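Model, not experiment: these values are computed from the prediction. Atom set for the values below is all heavy atoms of this structure, side chains included, hydrogens, waters and symmetry mates excluded.
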2 protein chains.
Amino acid sequence: MVRRSQTEVAVLGALSVAPMTGYAAREAIRDVLGHFWSESFGQIYPTLAELERVGHIRRQESMAYELTDSGRTRLRELLAEPAQRTPPRNGLLLRLFFGRQLGPEACRDLILAARTEAEESLSRYAFLRAEVAAEDSPDTPYSLLTISAGEHAARATLAWADESLTALNRLEDPR
Amino acid sequence: MVRRSQTEVAVLGALSVAPMTGYAAREAIRDVLGHFWSESFGQIYPTLAELERVGHIRRQESMAYELTDSGRTRLRELLAEPAQRTPPRNGLLLRLFFGRQLGPEACRDLILAARTEAEESLSRYAFLRAEVAAEDSPDTPYSLLTISAGEHAARATLAWADESLTALNRLEDPR
DNA sequence: GCCAGATATATCTAACAGATAGCACAGGTC
DNA sequence: GACCTGTGCTATCTGTTAGATATATCTGGC
């Protein structure tokens, strides 16, 4: 089985919204897709070069890249492919699994940090949601779907963290 | 900032449970940590060689590697380091974000597939939970923490999927 | 003895993250 | 006007990682 680069989808997707430079694409991906996707320069520039080579994108006079017709078709093709899931790598859970070696206090700190992060995510999502809802474009419902996914995940983390902190306390001080 | 290989933690962690070969370590990581961590052979073997070189592990007569004292110390050190989070890459949400290009039916199929996967995860977690609880070792509470995290995440996915399917239906057939 | 499948060890390629570096241009600040 | 600083922008390099693949060995069934 051939591994496909996922970067192509993100880059073509970004350019489908508006023509932009590689730098701007990275900014857009970070700011708009940031809560569920990320790209690095090291991936973006080679991908842009390759996409230009095969004619899916083209440079405007302003240095910005724009999607060609074949690029638009290509994006639809790639979107229709089944989403390949990235293998899980959760450093927090890896540490908690070996938590006995680490001690309950350190574990509690780890969980508290995750809890704080989830709360920050939630307020960021609230902001994003308001921003997106205000636009009211045909893309809005789909954006809201991804924001909602983030909110559900963050709330799940909060609930898990509280439950886990209770469990850890019981472990240290069993009644 | 220096990037640290996370593989070291997982490999030392696996060997801290019992001495084993590289192959067995991979199996153990997949079966026991599989729902939140993954390693490939391409990572495991070079890591084992390096760990042996610096004396954190040593080969038994049986070809299995075992942790040395310095390896055990090293594991504690690594566990104490803050968990570095991996950048998000969610192929499902990436596709849904550009869902208008894809059409509501295809989006619904994507969400349904995610929903099914979450349900399968939940039943796997139920099985795991029973298995781990039956052991009742000092490590059990920590294992349960990671299983609980998986369950919360899977239930969040279910709730999100149902909500999203409703939203998509309303989009196609607004009353 | 022979085959199939599991066990086991490795290696190679490509995907990817993140650091770094360089350049142009803008806006101060002395 | 010289100098500094920030930022927009285009890269490139290194190390990490995933996953495919090659190749034995060992074991049980036929």
Side-chain angles (χ1 to χ4, degrees), chain A residues 1-12 14-15 18-31 33-34 36-53 57 59-66 78 81-91 94, chain B residues 1-12 14-15 18-31 33-34 36-53 57 59-66 78 81-91 94:
Chain A
M1 191 188 129
V2 193
R3 255 173 98 202
R4 287 229 32 80
S5 170
Q6 303 264 90
T7 301
E8 211 183 333
V9 187
V11 169
L12 286 175
L15 293 181
M20 58 183 92
T21 66
Y23 184 82
R26 152 73 196 259
E27 298 262 287
I29 289 172
R30 193 192 54 199
D31 295 344
L33 316 182
F36 60 83
W37 200 261
S38 79
E39 288 296 344
S40 58
F41 285 128
Q43 285 293 106
I44 286 181
Y45 282 105
T47 301
L48 283 171
E50 175 63 15
L51 286 172
E52 187 180 24
R53 197 184 64 78
I57 61 178
R59 273 197 129 100
Q60 295 178 323
E61 318 77 56
S62 55
M63 293 292 286
Y65 289 98
E66 71 179 336
L78 289 175
E81 283 181 6
Q84 67 197 72
R85 54 198 183 109
T86 44
R89 281 205 140 208
N90 187 323
L94 181 62
Chain B
M1 188 190 128
V2 192
R3 257 173 95 203
R4 286 230 35 80
S5 171
Q6 303 265 91
T7 300
E8 211 182 333
V9 187
V11 169
L12 286 175
L15 293 182
M20 58 183 94
T21 65
Y23 184 82
R26 153 71 197 258
E27 298 261 287
I29 289 170
R30 192 192 55 199
D31 295 344
L33 316 181
F36 60 83
W37 200 261
S38 80
E39 288 295 345
S40 58
F41 285 128
Q43 284 294 105
I44 286 180
Y45 283 106
T47 301
L48 282 172
E50 176 63 15
L51 285 173
E52 188 181 22
R53 198 184 65 77
I57 61 177
R59 273 196 128 102
Q60 296 179 319
E61 318 77 55
S62 56
M63 294 291 286
Y65 290 98
E66 71 178 338
L78 289 175
E81 284 182 4
Q84 68 196 70
R85 54 196 184 110
T86 44
R89 282 204 140 208
N90 186 323
L94 182 61

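The side chain of Arg26(B) contributes no N or O atom lying less than 4.0 Å from OP1 or OP2 of dA18(D). Put simply, Thr21(A) has a side-chain N or O that comes within less than 4.0 Å of OP1 or OP2 on dT10(D). Look at Thr7(A) and you'll find a side-chain N or O under 4.0 angstrom from OP1 or OP2 of dC16(C). An OP1 or OP2 oxygen of dT10(D) is reached within less than 4.0 angstrom by a side-chain nitrogen or oxygen of Tyr45(A).
For Arg89(A) and dC16(C), the CZ to P distance is 15 Å, given to the nearest whole Å. Taking atom CD of residue Gln43(B) and atom P of nucleotide dT13(C), one finds them 16 Å apart after rounding to whole Å. Rounded to whole Å, the distance from CD on Glu50(A) to C1' on dT12(D) is 18 Å. For Ile44(A) and dC16(C), the CD1 to P distance is 12 Å, given to the nearest whole Å. One interatomic measurement links the two molecules: CG of Leu48(A) to P of dC9(D), which rounds to 13 Å at whole-angstrom precision. For Arg85(A) and dA15(C), the CZ to P distance is 20 Å, given to the nearest whole Å. Across the protein-nucleic acid pair, Gln6(A) atom CD and dT17(D) atom C1' stand 15 Å apart, rounded to whole Å. Summarising the geometry, the separation between CZ on Phe41(A) and P on dT14(D) is reported as 19 Å, rounded to the nearest angstrom.
The residue Thr86(A) sits apart from the nucleic acid: no heavy atom pair falls under 4.0 Å. Counting any heavy atom pair closer than 4.0 Å across all strands shown, Gly42(A) reaches a base atom. Using a 4.0 Å heavy-atom criterion, one finds that Arg30(A) contacts no nucleic acid atom at all. Contact annotation for Ser40(A): base contact, defined as any heavy-atom pair under 4.0 Å involving a base atom.
With rounding to the nearest 0.5 angstrom, the CG atom of Leu12(A) is 5.0 Å from the CG atom of Leu51(A). One finds the CG atom of Leu48(A) at 11.0 Å from the CD atom of Glu8(A) (value rounded to the nearest 0.5 Å).
Residues Trp37(A) and Arg89(B) have side chains in contact (heavy-atom distance under 4.5 Å, counting atoms from C-beta outward).
Shown here are the side-chain contact (heavy atoms from CB on, under 4.5 Å) partners of Gln60(A), two or more places apart in sequence or in another chain: Pro19(A), Ser62(A), Ala64(A), Glu66(A).
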